[in-house]
Number of protein chains: 2
Amino acid sequence: MHMNLESKVTINDIAKAVGVSKTTVSRYINGHSDMMSERTRERIRAVIEMTNYQPSDIARNLKRKNTNLIGVLIADMSTPFSSVLVVSISDYLSECGYVPIFANCNDSLQKEQEMIDSLLFRGVAGFLVNTTSCNNNYLIGVASRGIPIVLCDRYINHYNFNIVTFEQDAPFFNLVRHLKEEGYTRPVLFTQCWENNSSRRRRKDAILSAIQQVYGYDATEDVYLVSFQNGLSAAAQLDALLGRLKPGDIPAIIGTNSVTTVQTYKAIKSCGLKMPEQIGLCGPEDWNWQQEMNWAQLIEPTITTIDLPVRDLGRQSAECLVHMLKGETEGAREIMLPCGLNIRESTCRLHSQGDFG
Amino acid sequence: MHMNLESKVTINDIAKAVGVSKTTVSRYINGHSDMMSERTRERIRAVIEMTNYQPSDIARNLKRKNTNLIGVLIADMSTPFSSVLVVSISDYLSECGYVPIFANCNDSLQKEQEMIDSLLFRGVAGFLVNTTSCNNNYLIGVASRGIPIVLCDRYINHYNFNIVTFEQDAPFFNLVRHLKEEGYTRPVLFTQCWENNSSRRRRKDAILSAIQQVYGYDATEDVYLVSFQNGLSAAAQLDALLGRLKPGDIPAIIGTNSVTTVQTYKAIKSCGLKMPEQIGLCGPEDWNWQQEMNWAQLIEPTITTIDLPVRDLGRQSAECLVHMLKGETEGAREIMLPCGLNIRESTCRLHSQGDFG
DNA sequence: TTGTAAGCGTTATCAT
DNA sequence: ATGATAACGCTTACAA
C-alpha cells in the first residue's frame, strides 16, 4: 500500500510519535544518524515507514535556499528532435531526484528570457538549455552569477559554457567521401537559415569543410537556403540547383536537418528525377523515434542519414549538469557525441542492387 | 533590462525601503490595496519596480499550503502522440501561471503510482493524466480526496472523472462507409493489445460497431492483435488474414494507431500486394507534426487517416483542470473532440486517378 | 546522543 | 489604513 492519504504527516508528527525532538528526526532523514542510538534510529525508521512520511520539498527548499528544480529551455518543443531530448532529460533527472521544468521558447529570444526570469524566481537550481540564439548576453549574465548551465547542441559566443554536442567532422567527412565514391560530382547543401542557430551553422561549416577535403574545392556557392515561408521552398531551390548544373554534373543533396531533407525528398519525387541514379539525397537523422516509425527507412528509396544520438545528448547534458550541481565540476568542457552513418538507397548509384537494411 | 541579478530581494527589503511593514507590502502584492493610502501604494509600486522584486514562490507555497504545480502523467512519453500533447499542455498551463511537471510512466502502473506519490509530496495542485491502466484504484483514491484530476483520452472504470477524449463513433462510421463505397468487402482491424488501454479499447469497439452498422455483421473475428515483441508482427498477422480470405474478398485494414498502421504498410509493401486495388489501409493519425513531416502523406500510396486533434486534447484538458482549480467546476463531464477524415490514396480503389492532396 | 531555538519568505489573525 | 506577531515544515548552530 501507499501513503496515508488522510492527512499530511509532518516532521512534528513523527517526532511526537517517537518521543524525540524534530531535530533528531531531521538528522535521521538527512542521514546524520551516525551518532544516534540504535534504538532511536530504529524507532524513527519504524514510525516513518508506518506513516509513510516524506519531508515536504517546499519547506525544505525554503530553508535550504535551493531547490531540486531544473529549468530546461527548449528552442522549439514541437520538433521530433526536441521530443526525444525531453524524454531523455526527464528520465535521467528524475532518476537523480531532480525535477525538470520544461519551457518551450518557440524560437523566440524574448520568450526565452521571460522563461529564464520566471524560472529563476521559482528558484531553479540550474539550467539545461537548447537556446535560440548564438549571442545570448542574458544567459551569459546568469552563468556569471554562478548558476550552473549546460548547453545542449548549442554554442554561445564569448563565453565558455559546459556543452554537449554531436561530433560533426568525422561523420560528414565519411558521408562526403561516400558520395564521391558513388560517383556524385556535385555535392550541395540544402539548409534552413543558420543565422541564429549555432548547431545549424556548425553543421554547414563541417559539410563545406568535408567537401573541401574530399573534392578539393570550396562549395560555398552550392549552399541553398530553404525556408517554409517565403518562396524558398525545397522545390524552388531544387529548380535553382538544376538550372545551375553543368553538363555531366551528378548532384547529391545534403540536408542539414530532417525536415529539410524530407521536403527535398518530396521535391525530387515530384519532378520525376531518378534517385539515386540522377541525384542523391542524404541528411542527419535528428529523430530517433521507435524504429517502427523511422521515415528514412519507410520511404522509397530509403534515405542515407547521419545518425544523431539525441537520447545520449539529453542524458549526457543532464549528467553534466548534475555534476555541476554537486560541485564536482572541473572547468568548462565540451562533450562530443559520436554519430553513426547509415548508408541507404538514396545515395547508392553504383550498387543499387546492394543489401540495404 | 531585467531583474536585479545581484541579490535576491525579499518582502522585507521592500518594506524597509518603503518604510512600512511587510504586512502592507504583502497586501499590495496580493491586490488587497483597496484600503490603502494612495501614497503608500504608489511608493510600494515604485520600489518593487525598481528592485524588480518578485515574491518567492517557495515561501508562498509553504504558507498557503498549495502550489501552482501541476503533475502531468504520460503513459509513454516517447510516442509522437505524447510529444504533441506535452507541448500543448505546457503552452496552455504556463500561459495561466501554472507550472507543469511531466512524468513519464513508461507504461508501467507501478511507475505511475510512484510518480503520483512523489508529485503529491511535492505539493502539486492537480493532475492531468494519460494513464496506463483502466482500473486505477490508486488514482480514484487521490481523486476522492478532492485533488483535481482530468483524464486525457483515457477512461477509468467505476469513477466519474472529468475527461477529454476524441469523438470516435462518427468518424469511424464515415470511414467504414467510405470503405464500403470503394468496394472493400472485408474490413478488418489491426490493433495492439487493448487490455490496459482504454482508448484503444474504445476505438476497437467503435470500429466494430461501425462495421456492424455499415456491413451488417459482427467483425469480432477479424480483429488481429499486433505486437512488436512476440511473433505477432503486422507481417505475420497479414499472412494470417490472407490465409483466411474467401474467394472474392477485398480486405481493408484499419489500424488503431499510427505505429500499427505504419507496420502494416511495410508488411503490405513487402508481400507485393497492390494498394489500394487489392487491399486497403487506413488508421488514425495521432500525430500532428508539422505538416512537413507527415508520414501519411509522404509514403506511397498516401494513407487515409482519421485526424485526431491532439493539440486540442492537450489544451482542453488543461483548460478543464484550471477550471477545477479555480473552483469553477460543474460536476464530472466529458468533452469529446471532433475528428476529421482524410481520405487519401490507400483506400480509393475506384477513383485511383482522383485528386489527392 | 539529544534538544532548544532561530530563521527561511510569506500570509493571516488580530490589534490599533 | 497599518502593524505586531504567529504560523507554514523544515534545517542548523549552539547547548546540554
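Sequence lines set the chain letters: A, B, ... in the order given, protein chains first and strands last, and positions in each chain run from 1.
For the 3.5 Å distance criterion, the side chains of A/Asn61 and A/Thr67 fail to qualify, holding no donor opposite an acceptor. Side-chain contact, B/Thr23 with B/Ser26: no donor N or O sits under 3.5 Å from an acceptor N or O.
Heavy-atom distances under 4.0 Å link DNA chain D to A/Asn30 of residues 29-46 of chain A, given in residue order.
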Using atom types as modelled, flag every donor-acceptor pair under 3.5 Å from a side chain in residues 94-105 of chain A to any protein atom, sequence neighbours excluded.
unit_1, atom_1, unit_2, atom_2, d
A/Ser94, OG, A/Ser90, O, 2.8
A/Ser94, OG, A/Asp91, O, 3.4
A/Asn104, OD1, A/Met77, N, 3.1
A/Asn104, OD1, A/Asn106, N, 3.3
A/Asn104, ND2, B/Asp91, OD1, 3.3

Distance-only donor-acceptor hits, side chain of residues 156-165 of chain B, under 3.5 Å, sequence neighbours excluded:
unit_1, atom_1, unit_2, atom_2, d
B/Asn157, ND2, B/Asn135, OD1, 2.9
B/Asn162, OD1, B/Arg333, N, 2.8
B/Thr165, OG1, B/Glu334, OE2, 2.9

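Looking at residues two or more places apart in sequence or on another chain, you find a salt bridge (Lys or Arg N to Asp or Glu O under 4.0 Å) between A/Arg45 and A/Glu42, A/Glu49. Partners of A/Lys63 by side chain to side chain contact (heavy atoms under 4.5 Å, CB included), not counting sequence neighbours: none found. Residues that satisfy the side chain to side chain donor-acceptor pair (under 3.5 Å) test with A/Gln54, not counting sequence neighbours, are absent from this structure. Annotation: salt bridge (Lys or Arg N to Asp or Glu O under 4.0 Å) contacts of B/Arg122 (sequence neighbours excluded): A/Asp57. Shown here are the side chain to side chain donor-acceptor pair (under 3.5 Å) partners of B/Arg60, two or more places apart in sequence or in another chain: B/Asn30.
Residues A/Glu114 and A/Lys111 are not paired through a salt bridge, judged by the lack of any N-O separation under 4.0 Å between the basic side chain and the carboxylate.
When DNA chain C is scanned in the 5' to 3' direction for atoms under 4.0 Å from non-hydrogen atoms of chain A, the outermost contacting nucleotides are C/dT1 to C/dG9.
Taking atom NZ on B/Lys16 and atom C1' on D/dG3, their separation rounds to 16 Å, with Å as the unit.
When atom types are taken as modelled, the side chain of B/Ser37 and the backbone of B/Thr40 share a donor-acceptor pair closer than 3.5 angstrom.
Contact annotation: B/Thr24 reaches the phosphate of D/dG3 (side-chain N/O to OP1 or OP2, under 4.0 Å).
Sorted by first and then second residue, the salt bridge (Lys or Arg N to Asp or Glu O under 4.0 Å) pairs with a member in residues 129-139 of chain B form an empty list; sequence neighbours excluded.
Note that SG of B/Cys320 and CD1 of B/Ile149 are 12.0 Å apart. Values are rounded to the nearest 0.5 Å.
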Pick out the pairs of N or O atoms, protein on one side and nucleotides 5-9 of chain D on the other, that lie under 3.5 Å.
unit_1, atom_1, unit_2, atom_2, d
D/dA7, N3, B/Lys63, NZ, 2.5
D/dC8, O2, B/Lys63, N, 3.4
D/dG9, OP1, B/Lys65, NZ, 3.2
D/dG9, N2, A/Ala59, O, 3.4

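One axis for each end of the helix from C/dT1-D/dA16 to C/dT16-D/dA1, each built from five base pairs, and the angle between them comes to 40° at 10° resolution.
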